[in-house]
Novice: 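Handing you this structure, nothing more for now.
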There are 2 protein chains.
Amino acid sequence: MTKHSEIACLSKASIFKNLPLPLKKKLVTITSHQDFFPKGSLIRQPLDGQDGMIVIDSGHAKIYSLNEDGKETVLGILSKGDSTGQENLFSQKDHENFIQATEDCLVCSMNRRDFQAMLNETPDLSLTLLNDFGQRLIMAEKNTIRRNSMNAQDRVLDYLKEEGTRAGSTSFTLPFKKKDLANFLGLTPETLSRQLNSLQVAGQITVNGQQITLNN
Amino acid sequence: MTKHSEIACLSKASIFKNLPLPLKKKLVTITSHQDFFPKGSLIRQPLDGQDGMIVIDSGHAKIYSLNEDGKETVLGILSKGDSTGQENLFSQKDHENFIQATEDCLVCSMNRRDFQAMLNETPDLSLTLLNDFGQRLIMAEKNTIRRNSMNAQDRVLDYLKEEGTRAGSTSFTLPFKKKDLANFLGLTPETLSRQLNSLQVAGQITVNGQQITLNN
DNA sequence: TAATTAAATTGATTTAAATCAAGAAAGGAT
DNA sequence: ATCCTTTCTTGATTTAAATCAATTTAATTA
């Protein structure tokens, strides 16, 4: 593993990519680089003793919680460059969510103690993180609004458009199973299936397995 | 307005209350103290040019958004000591939510530029804020789980218990209109009314106007 | 590649909560 | 106090999405 690829890993993470190079170099020293997780394996789970944050270097993963009766709630999807766990870097409580690799994943991670020490020395890093957190809070609110004021079809369309924007193309592959997407949108797989079909009949989208094309 | 009350204002804000005194003193210098907003008035609204954060010194306020067809989504409720707007302190975008005083309010505020300058000098403050943000993100996830895996009645009960914990008593006054509470929980006022009634019949709570008592 | 398991789709039915409607209670304004 | 407006409640009805059920399709595994 070359130093170059280590810097590259951090540079992919949206949360770090705009940091000045010297800061990145410092971060490299406290980062565990590119651990491999095969598809289906758990990257994090409650009581695993892990307290840091992770960055997805390649592959996809999903974050979910399980309630007492085993019901799963999909809280988010991670793609290349996404990070999660920052919210645990500052609390003493253990995380309570599962993170599962939905494809083979390479993952970079850093632990709480190292990171906190680093934050104390580097105000720039704090500001970057604060900015990122702010964005996430705004996203969370947006999601609440979406769920509160949109019906099934509009939620699906809204998500697909967002995904299209993210992909920078009208054509893209769903980054995870429809089952999980349904849950993420607060729907059942059956309802999602019907809505996708209905949108296709209306000519708004073209669906081909996991491949989606937005028309207009 | 005495210096003492100015410090007191910051000390009430959960986000600042654990800061060391010297830091609080510094913050006081960039804070606008105790602006008065009568019940019903808007503390913040889109395009008002305000870009900072606020702390509620007394009274209650609600945060909500309006979509194109005028539908309101209640995003949160602010009580004494609560703060909001931190998420805007780091982005250049203007805020898009309304904040309305639901009672007469005294509000402290600080603007983006002053605050950012201060952050650069005081890493401790960044850490405190990061911690707070982390908590909020965790709360937002909790809320998603609640909405995804609870029916109307459980959502209401869950909220009431949370409020009871917050109030530190089994008896408390709802901090805002049932109409707004319903919206906040993703319900209609009719459904909330029925669920409160049903919980009372089941002996779980006692309802008297805005006054709620939890039994057991 | 066949066998097995999981995911996705399609149809029929149920249901929880929304909507519609109307009256009662509470808050503000004059 | 009286009027007017908004909120709250209660009942009847509708409806969007969930659930139940059965295939088809796709993905894993042996």
Side-chain angles (χ1 to χ4, degrees), chain A residues 38-41 60 62 64 69-74 77 100-104 146-160 173-201 205-212, chain B residues 38-41 60 62 64 69-74 100-104 146-159 173-201 205-212:
Chain A
K39 179 173 180 172
S41 62
H60 291 296
K62 74 167 170 176
Y64 64 98
D69 21 294
K71 190 173 156 69
E72 182 177 315
T73 297
V74 177
I77 301 299
Q100 183 182 36
T102 53
E103 290 177 4
D104 286 356
R146 169 154 69 190
R147 279 168 178 253
N148 218 45
S149 64
M150 285 186 189
N151 62 20
Q153 178 143 324
D154 290 342
R155 264 184 257 176
V156 173
L157 197 55
D158 191 67
Y159 169 81
L160 292 178
T173 304
L174 288 177
F176 50 118
K177 287 186 214 133
K178 289 179 185 169
K179 187 172 93 96
D180 291 331
L181 173 57
N183 188 310
F184 179 64
L185 295 176
L187 304 172
T188 58
E190 293 96 324
T191 298
L192 174 61
S193 180
R194 284 183 246 268
Q195 296 306 333
L196 284 174
N197 190 259
S198 152
L199 283 168
Q200 180 159 237
V201 168
I205 62 173
T206 308
V207 184
N208 194 325
Q210 301 295 108
Q211 194 66 25
I212 305 285
Chain B
K39 180 172 181 174
S41 62
H60 291 296
K62 74 168 170 174
Y64 63 98
D69 20 293
K71 190 174 156 68
E72 181 176 316
T73 297
V74 176
Q100 183 183 36
T102 53
E103 291 177 4
D104 286 355
R146 170 155 68 188
R147 280 168 178 252
N148 218 44
S149 64
M150 285 187 189
N151 62 21
Q153 179 145 324
D154 290 341
R155 263 183 258 176
V156 173
L157 197 53
D158 191 67
Y159 169 80
T173 304
L174 289 177
F176 51 119
K177 286 186 215 136
K178 290 180 184 169
K179 186 172 93 98
D180 291 330
L181 173 57
N183 188 310
F184 179 65
L185 295 175
L187 305 171
T188 57
E190 294 95 326
T191 297
L192 174 61
S193 180
R194 283 184 247 269
Q195 296 305 334
L196 285 174
N197 190 259
S198 151
L199 284 168
Q200 180 159 236
V201 168
I205 62 172
T206 308
V207 184
N208 193 324
Q210 302 295 108
Q211 194 66 23
I212 305 284

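Remember, it's a predicted structure, so these values are computed and weren't measured experimentally. Reminder, nothing fancy here: chain letters follow the sequence lines and each chain counts from 1.
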Novice: So, is A:Asn197 near the phosphate of C:dT9, with a side-chain N or O under 4.0 Å from OP1 or OP2?
Specialist: no
Novice: One character per nucleotide, please: for nucleotides 23-30 of chain C, 5' to 3', B when the base has a protein heavy atom closer than 4.0 Å, S when only the sugar-phosphate does, - otherwise.
Specialist: -----S--
Novice: Using a 4.5 Å cut-off on heavy atoms from C-beta on, say whether the side chain of A:Phe184 contacts that of A:Leu192.
Specialist: no
Novice: Do the side chains of B:Thr191 and B:Arg155 get nearer than 4.5 Å, heavy atoms only?
Specialist: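 Heavy-atom side-chain distance check fails, nothing below 4.5 Å.
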Novice: How does protein contact run along nucleotides 17-25 of chain D, one letter per nucleotide 5' to 3', with B for base contact, S for sugar-phosphate only, - for none, heavy atoms under 4.0 Å?
Specialist: SSBB-----
Novice: A:Leu196 has an atom CG; how far is it from atom P of C:dA7, in whole Å?
Specialist: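 Roughly 17 Å, once rounded to whole Å.
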Novice: Within this structure, what is the CG-to-C1' distance between A:Leu174 and C:dT9, rounded to whole angstrom?
Specialist: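 The answer, rounded to whole Å, is 15 Å.
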Novice: According to the Watson-Crick and G-U wobble definition with distances under 3.5 Å, which dot-bracket string, read 5' to 3', encodes DNA chain C, using [ ] for crossing pairs and | for pairs with another strand?
Specialist: ||||||||||||||||||||||||||||||
Novice: Which parts of residues 178-185 of chain B get close to DNA chain D, meaning a heavy atom less than 4.0 angstrom away?
Specialist: B:Lys178, B:Lys179
Novice: Would you give the length of the straight line joining atom CD1 of A:Ile77 to atom NE2 of A:His60, rounded to the nearest 0.5 angstrom?
Specialist: 9.0 Å
Novice: To the nearest angstrom, how far is A:Asn208 atom CG from D:dA26 atom C1'?
Specialist: 13 Å
Novice: With a 4.5 Å heavy-atom cut-off, do A:Leu185 and A:Gln195 have their side chains touching?
Specialist: no
Novice: The criterion is side chain to side chain contact (heavy atoms under 4.5 Å, CB included); which residues satisfy it with A:Asp180, sequence neighbours excluded?
Specialist: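 Expected list: A:Lys62, A:Glu72, A:Val74, A:Phe176, A:Lys177.
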Novice: Got a sec, which residues hit side chain to side chain contact (heavy atoms under 4.5 Å, CB included) with A:Gln211, two or more places apart in sequence or on another chain?
Specialist: A:Ser171, A:Thr173, A:Asn208
Novice: I'd like to check A:Leu174 versus A:Leu160 (side-chain heavy atoms, cut-off strictly below 4.5 Å). Are they in contact?
Specialist: yes
Novice: Any side-chain heavy atom of B:Lys39 within less than 4.5 Å of one from B:Thr102?
Specialist: no
